Amino acid sequence: MKSVTVNDLVKRFSLEVLAGHSELHRPITKTKAHRPGLEFVGYFEYFPQAHVQLLGRKEITYLHKLSENERNLHIGNIVKYHPPCFVVTRNQEGLKYLTKYCEEERIPLLRTSSPTSKFQDLVDLFLSKSLAQEIAVHGVCVNVSGIGILLRGKSGVGKSETAHTLIRRGHRLVADDIVVLKKISPETLLGTHNGKTKEFLALRSVGLINVSRLYGRKAFQDETRIVLDIELTKWQEHALNNDLELEPTFTDYMDIQIPHIEIQLQPGRDVAGLIEAAANSWYLRQQGYSAVEEFMQRLQSDTD
């Protein structure tokens, strides 16, 4: 099971550590932060104890209004489950009682100046990406006009060279050679680099280039949602290359179906232009328009 540590959370969001300094190595394995509410009144049947516990203004104000005995009872009931950490938002103060219990139970108590809802969105996004199921595939990942595309094909077929042409046309590189795919929801596939190849593109006969240094910061993007899987293949002389593709095909990545397109290569063919056309066509389909459907309707109207 993938995990991040509480210390990763502290570093990512510059959190202040109020208690549990020696326990920052604690693992976090769940993607959603939880705001305890019913737990403060003693209902623990569905308490997500493995989640980061978030204490906003509502929770802290409620605790402040309790008597010392009630407060000790309610907090004591929660800390005995040993969640990975507590995070207090909006730099709220008056936390001596909470600090006391966290020190006794060796649970990290953290604080941020961020508003509760904003911080919860940010930490949920961070955890969902960090803990996502992932695989690495051989290929190139690019963002074409805001549309994430995975380029695949055999070694030497021209994936990196095609990506270079797209970059020169104003599009962005995400990853070359090794593309890390992350499943961040049942329908969402994220493409990114492995860190080592960040901003680098390997071109045969030229060598390794840094696209950000060569073409500016806009030439690179850290990650993108993958919506198209394009396979570059060698030209087949007798293949049917003008198929209307009435039945769409898909590639499966971790149970997510990504529309698949095959583009055959031939000297002089504008492959980058075809990829731009495929991206724009995908966008129009999301808006409800299909050129194939319109064409078939025209044919049908001619026969009526």
Side-chain angles (χ1 to χ4, degrees), residues 1-36 48-57 59-60 75 78-79 81-96 98-136 141 174-175 178-185 188-200 210 212-213 217 220-225:
M1 179 181 294
K2 294 183 66 178
S3 67
V4 297
T5 66
V6 174
N7 196 44
D8 292 329
L9 204 66
V10 170
K11 291 180 177 179
R12 175 62 179 81
F13 296 103
S14 301
L15 302 179
E16 180 185 2
V17 182
L18 302 177
H21 293 76
S22 64
E23 298 299 314
L24 297 181
H25 62 275
R26 278 174 168 243
I28 301 172
T29 59
K30 301 298 182 180
T31 58
K32 298 287 185 180
H34 173 67
R35 297 183 68 176
Q49 63 191 69
H51 294 242
V52 172
Q53 303 299 311
L54 199 58
L55 302 177
R57 180 181 292 165
E59 292 80 14
I60 295 299
I75 296 174
I78 289 182
V79 297
Y81 285 90
H82 289 90
C85 64
F86 290 96
V87 182
V88 177
T89 60
R90 294 183 175 273
N91 270 344
Q92 296 177 90
E93 298 181 346
L95 306 175
K96 289 184 178 180
L98 193 55
T99 303
K100 170 180 173 291
Y101 270 98
C102 287
E103 288 287 8
E104 289 177 355
E105 298 294 332
R106 302 176 67 182
I107 301 172
L109 175 62
L110 317 172
R111 185 163 61 183
T112 176
S113 61
S114 297
T116 310
S117 57
K118 179 181 178 181
F119 181 77
Q120 185 166 14
D121 290 341
L122 291 173
V123 77
D124 285 352
L125 181 61
F126 168 72
L127 292 175
S128 66
K129 290 181 180 179
S130 300
L131 302 177
Q133 177 186 355
E134 67 178 50
I135 58 173
C141 183
V174 176
I178 300 297
V179 181
V180 178
L181 301 179
K182 296 187 175 186
K183 181 180 180 180
I184 61 173
S185 82
T188 305
L189 190 69
L190 199 68
T192 186
H193 51 83
N194 63 2
K196 298 178 181 178
T197 60
K198 179 179 179 180
E199 301 177 325
F200 288 126
N210 185 310
S212 295
R213 294 291 185 91
R217 289 179 297 171
F220 174 77
Q221 184 168 314
D222 200 57
E223 59 188 27
T224 188
R225 180 188 174 192

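It should be emphasised that the depicted structure is a prediction, and the values quoted were computed from it without experimental measurement.
Two residues are said to be in side-chain contact when any heavy atoms from C-beta on lie closer than 4.5 Å; L54 and E59 fail this criterion. Between N210 and F200 there is a side-chain heavy-atom pair separated by less than 4.5 Å. In this structure the side chain of E223 reaches within 4.5 angstrom of the side chain of K129, judged on heavy atoms. Looking at heavy atoms from C-beta onward, L98 lies in side-chain contact with L55 at the 4.5 angstrom threshold.
Between I178 and A136 the shortest heavy-atom distance is CG2-CB, 4.0 Å. Among all heavy-atom pairs drawn from S3 and L131, the shortest one is CA-CD2, 3.5 Å. What you find for S130 and V4 is that their closest heavy atoms are CB-CG1, 3.6 Å. Summarising the geometry of P48 relative to Q53, their closest heavy-atom pair is O-NE2, 3.2 Å, with the distance given to 0.1 Å. When all heavy atoms of T89 and S114 are compared, the closest pair comes out as CB-O, 3.3 Å. Shortest non-hydrogen contact noted between L109 and C102 is CB-SG, 3.9 Å.
For the atom pair CD1 (I184) and OG1 (T31), the distance works out to 10.5 Å, reported to the nearest 0.5 Å. Between T112 atom OG1 and R90 atom CZ the span is 10.5 Å, to the nearest 0.5 Å. S117 OG to R57 CZ: the interatomic distance, rounded to the nearest 0.5 Å, is 10.5 Å.
Legend: residues meeting salt bridge (Lys or Arg N to Asp or Glu O under 4.0 Å) with K2, ordered by chain and number and at least two apart, are E134. Listed by chain and residue number, K100 satisfy the side chain to side chain donor-acceptor pair (under 3.5 Å) test with E104 (two or more places apart in sequence, or in another chain). When the side chain to side chain donor-acceptor pair (under 3.5 Å) test is applied to T192, no partner is found at least two apart in sequence or on another chain. Listed by chain and residue number, F13 satisfy the ring-ring contact (aromatic ring centres under 6.0 Å, His included) test with F119 (two or more places apart in sequence, or in another chain). Remark: I135 engages V137, L181, Y253, M254 in a side-chain contact (heavy atoms from CB on, under 4.5 Å) (not counting sequence neighbours). Among residues two or more places apart in sequence or in another chain, the side chain to side chain donor-acceptor pair (under 3.5 Å) test is passed with T188 by S185. Under the rule for a side chain to side chain donor-acceptor pair (under 3.5 Å), Q92 has no partner lying at least two apart in sequence or in another chain. Residues passing the salt bridge (Lys or Arg N to Asp or Glu O under 4.0 Å) test with E105, sequence neighbours excluded: none. H193 is linked by a ring-ring contact (aromatic ring centres under 6.0 Å, His included) to F220, counting only residues two or more places apart in sequence or in another chain.
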Expected list for residues 15-29: side-chain donor-acceptor pairs under 3.5 angstrom, two or more places apart:
{"unit_1": "E16", "atom_1": "OE1", "unit_2": "R111", "atom_2": "NE", "d": "3.1"}
{"unit_1": "E16", "atom_1": "OE1", "unit_2": "R111", "atom_2": "NH2", "d": "3.2"}
{"unit_1": "E16", "atom_1": "OE2", "unit_2": "R111", "atom_2": "NH2", "d": "3.2"}
{"unit_1": "H21", "atom_1": "NE2", "unit_2": "V17", "atom_2": "O", "d": "3.3"}
{"unit_1": "E23", "atom_1": "OE2", "unit_2": "R106", "atom_2": "NE", "d": "3.1"}
{"unit_1": "E23", "atom_1": "OE2", "unit_2": "R106", "atom_2": "NH2", "d": "2.7"}
{"unit_1": "H25", "atom_1": "ND1", "unit_2": "S22", "atom_2": "O", "d": "3.4"}
{"unit_1": "R26", "atom_1": "NE", "unit_2": "R106", "atom_2": "O", "d": "3.3"}
{"unit_1": "R26", "atom_1": "NH1", "unit_2": "P83", "atom_2": "O", "d": "2.9"}
{"unit_1": "R26", "atom_1": "NH2", "unit_2": "R106", "atom_2": "O", "d": "3.1"}

In a table with atom names and distances, give each donor-acceptor pair under 3.5 Å that connects a side chain of residues 120-127 to protein atoms at least two apart or in another chain.
{"unit_1": "Q120", "atom_1": "NE2", "unit_2": "A33", "atom_2": "O", "d": "3.3"}
{"unit_1": "D124", "atom_1": "OD1", "unit_2": "A33", "atom_2": "N", "d": "2.9"}

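Within the structure, every pair that satisfies the side chain to side chain donor-acceptor pair (under 3.5 Å) test and touches residues 4-15, not counting sequence neighbours, is listed here: T5-D8.
Within 6.0 Å of NZ on K30 lie no more than 12 heavy atoms contributed by other residues, nucleotides or ligands.
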